[in-house]
There are 2 protein chains.
Amino acid sequence: MMTTYTKGAGAPLTERQEARRRRILRATTRLAAQGGYDAVQMREVAEMSEVALGTLYRYFPSKVHLLVATMYDQLEQLGGQLRRKPNKGLPPRDRVVDTLLRAFRGMQREPHLTEAMMRALQFADRSVSAEVDGVSRITTQMIYEAIHEDLTVEPGPAELAVIRVITHTWHSSLISWLNGRASIAQVRLDIETVARLIPEEPGSADEAGETQHSA
Amino acid sequence: MMTTYTKGAGAPLTERQEARRRRILRATTRLAAQGGYDAVQMREVAEMSEVALGTLYRYFPSKVHLLVATMYDQLEQLGGQLRRKPNKGLPPRDRVVDTLLRAFRGMQREPHLTEAMMRALQFADRSVSAEVDGVSRITTQMIYEAIHEDLTVEPGPAELAVIRVITHTWHSSLISWLNGRASIAQVRLDIETVARLIPEEPGSADEAGETQHSA
DNA sequence: GCGTAATCTAGAACGAGTTTCAATATTGGC
DNA sequence: GCCAATATTGAAACTCGTTCTAGATTACGC
């Protein structure tokens, strides 16, 4: 089985290594779900996944790397769930709102886990940019699929900008909610607001952009 | 408007205490400007501001508190500068873009300081919500002043949502730029994109909102 | 002024992320 | 199967944020 979902082109992991990696991610998810960011302690993760501390650090070079990788993992599952229940028929804008609100409801079910992953994502510095890009890519993909029912069209720069802005809003308002600085209603309103950037009709060329048509 | 810059209604500081507080903030700014978040080490801040470590912690209960307070401080100065050079004549949307891009240029001049403050702001948890709210308030104020030339109108919930979305985008794209995951052009494009949420004309009532009027 | 409470100082001590290292185990190539 | 390279283990060590303690110093009501 070389259908490994290990994102980058890192060294191809052996079976036992893949198993270790999964144990680590599972332990992380469990600890994070119980007590959030602070409860994910590297020694505990190592112990719970039956791996030496040094090994844990060989697989994930920092706590932030570990949690961002966990987020990638969770997003893959979420993406599968969302794809399984498509919301056809609605206009694109509503489909995006629907998708994000559904994801939001999912996160409300595991607030500690969400907090741990989001804090790590926001705190990540340059050394984690590859992993953060991975998360960014999968998120972009999800939103893009919500906008377009057919995935043949390539997004132009203007549309990518809209998707980026939606992602920024999504992350930040989620954080605000987790920190008790925003209500659920506010999160919903923010999402509905930013969704107005998506053009009503899926007109083909250069939609959503009256900014300059470079490149 | 407000005369004292001590935000909350904390204990009224004596002169020497006020001086200590300022020394601490100045040391923090200096260290952050040199080496970013990691270079702001509590022992160093204490030493440079000639204050015992315990005292530093009495003034700012954590590194994140300290950096968020520093951000508040910097934003006050920035707000003053921006107000001094108003951009009249432009439509509201362009004024906001102009303001944010000007702020962005300011931050490009001190990338490490910006990184330190923004990382802290994004990493802050519930225990810092009061301080984060302070920063949020001052930011909202700045954007609001850019939209309306007269400040008599109170913003409605729909307009507040637009401002929140702009703020979210502003923070997140700044972070992406700091982490090398977004170019300056992308930041600019994101800002221009999100600014489209601001109505063209300063029409008065319930502008910018066709979302439902619940609760 | 005086006494007392609050504040400040210096420094040790604690906790969790991270690094390091020698010893041991596993893997892959021949 | 054997050897060399690589990975894993266990444990100690190091860093930096944070807390704690005991003894000065300062602020302030009387």
Side-chain angles (χ1 to χ4, degrees), chain A residues 2 4 6 10-24 27-28 31-32 34-70 116-117 119-121 123-128 131, chain B residues 6 10-24 27-28 31-32 34-70 116-117 119-121 123-128 131:
Chain A
M2 28 62 110
T4 53
T6 48
L13 300 183
T14 73
E15 205 162 316
R16 298 185 49 169
Q17 285 173 324
E18 191 57 53
R20 271 194 204 95
R21 187 170 192 280
R22 256 194 298 274
R23 283 209 306 281
I24 293 174
T28 304
L31 286 170
Q34 279 182 331
Y37 188 88
D38 291 334
V40 178
Q41 304 197 350
M42 300 304 270
R43 285 174 236 262
E44 279 227 47
V45 172
E47 192 180 347
M48 187 176 294
S49 42
E50 292 175 296
V51 142
L53 191 54
T55 306
L56 172 54
Y57 273 95
R58 167 182 285 272
Y59 281 74
F60 302 98
S62 80
K63 176 169 172 172
V64 170
H65 283 84
L66 173 57
L67 281 167
V68 173
T70 303
M117 298 185 307
R119 296 261 306 277
L121 188 70
F123 191 58
D125 69 349
R126 307 185 87 93
S127 71
V128 204
E131 287 77 1
Chain B
T6 48
L13 300 182
T14 73
E15 203 161 320
R16 299 185 47 169
Q17 287 175 322
E18 191 58 52
R20 272 195 204 94
R21 187 170 192 280
R22 256 193 296 273
R23 283 208 306 281
I24 293 173
T28 304
L31 287 169
Q34 280 182 330
Y37 188 87
D38 291 333
V40 178
Q41 303 196 352
M42 300 305 269
R43 286 173 235 263
E44 279 226 45
V45 173
E47 192 180 347
M48 187 175 294
S49 43
E50 293 175 294
V51 142
L53 190 55
T55 306
L56 172 54
Y57 273 95
R58 166 182 284 272
Y59 281 73
F60 302 97
S62 79
K63 175 168 172 173
V64 169
H65 282 86
L66 173 57
L67 280 167
V68 173
T70 303
M117 298 186 308
R119 295 260 307 276
L121 187 71
F123 191 57
D125 70 350
R126 308 184 87 92
S127 71
V128 204
E131 287 78 0

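A note on names: the letters A, B, ... follow the listed sequences, proteins ahead of strands, and every chain is numbered from 1.
Considering every non-hydrogen atom in both B:G36 and B:A116, the closest pair reads C-CB, 3.8 Å. When all heavy atoms of A:T55 and A:R20 are compared, the closest pair comes out as CG2-CD, 4.3 Å.
Residue A:E50 is in sugar-phosphate contact alone, with no base atom involved, counting any heavy-atom pair closer than 4.0 Å across all strands shown. As judged by a 4.0 angstrom heavy-atom cut-off over every strand, A:R58 is placed among the base-contacting residues. Counting any heavy atom pair closer than 4.0 Å across all strands shown, B:F60 reaches no nucleic acid atom.
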Side-chain donor-acceptor pairs of residues 57-66 of chain A under 3.5 Å, sequence neighbours excluded:
from  : atom 1 : to     : atom 2 : distance (Å)
A:S62 : OG     : A:V64  : N      : 3.2
A:S62 : OG     : A:H65  : N      : 3.1
A:S62 : OG     : A:H65  : ND1    : 2.8
A:K63 : NZ     : A:Y37  : O      : 3.1
A:K63 : NZ     : A:V40  : O      : 3.0
A:H65 : NE2    : A:S127 : O      : 3.1

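The separation between A:I24 atom CD1 and D:dT9 atom C1' is 13 Å, rounded to whole Å. Following rounding to the nearest Å, A:K63 (NZ) and D:dT15 (C1') show an atom-to-atom distance of 16 Å. Taking atom CD of B:E47 as the reference point, atom P of C:dG11 lies 11 Å away to the nearest angstrom. Rounded to whole Å, the distance from CG on B:L56 to P on D:dC20 is 16 Å. Here D:dG17 presents its C1' atom at 14 Å from CG of B:D125, a figure rounded to the nearest Å.
Residue B:Y59 places at least one side-chain N or O under 4.0 Å from the OP1 or OP2 atom of C:dC8. Taking only side-chain nitrogens and oxygens, B:Q17 comes nearer than 4.0 Å to OP1 or OP2 of C:dC8.
End-to-end axis angle of the helix from C:dG1-D:dC30 to C:dC30-D:dG1, from C1' rotation axes over five pairs per end: 30° (rounded to 10 degrees).
Residues of residues 34-46 of chain A having a heavy atom closer than 4.0 Å to DNA chain C, listed by number: A:V40, A:Q41, A:M42, A:R43.
Residues B:L31 and B:Q41 fail the side-chain proximity criterion, which asks for heavy atoms closer than 4.5 Å. Taking the side chain as every heavy atom from C-beta outward, A:Q17 and A:R21 never approach each other to under 4.5 Å. Side-chain contact check for B:E18 versus B:E15: every heavy-atom pair is 4.5 Å or farther apart.
Interatomic distance, B:L121 CG to B:T70 OG1, rounded to the nearest 0.5 Å: 11.5 Å.
You'll find that the side chain of B:V51 is closest to C:dT9, out of C:dT9, D:dG17, D:dT8.
Sequence order on DNA chain D of the closest nucleotides to B:L53 and B:R16 puts B:L53 first from the 5' end. When each of B:R20 and B:Y57 is assigned the nucleotide of DNA chain D with its nearest heavy atom, B:Y57 is the one assigned upstream, toward the 5' end.
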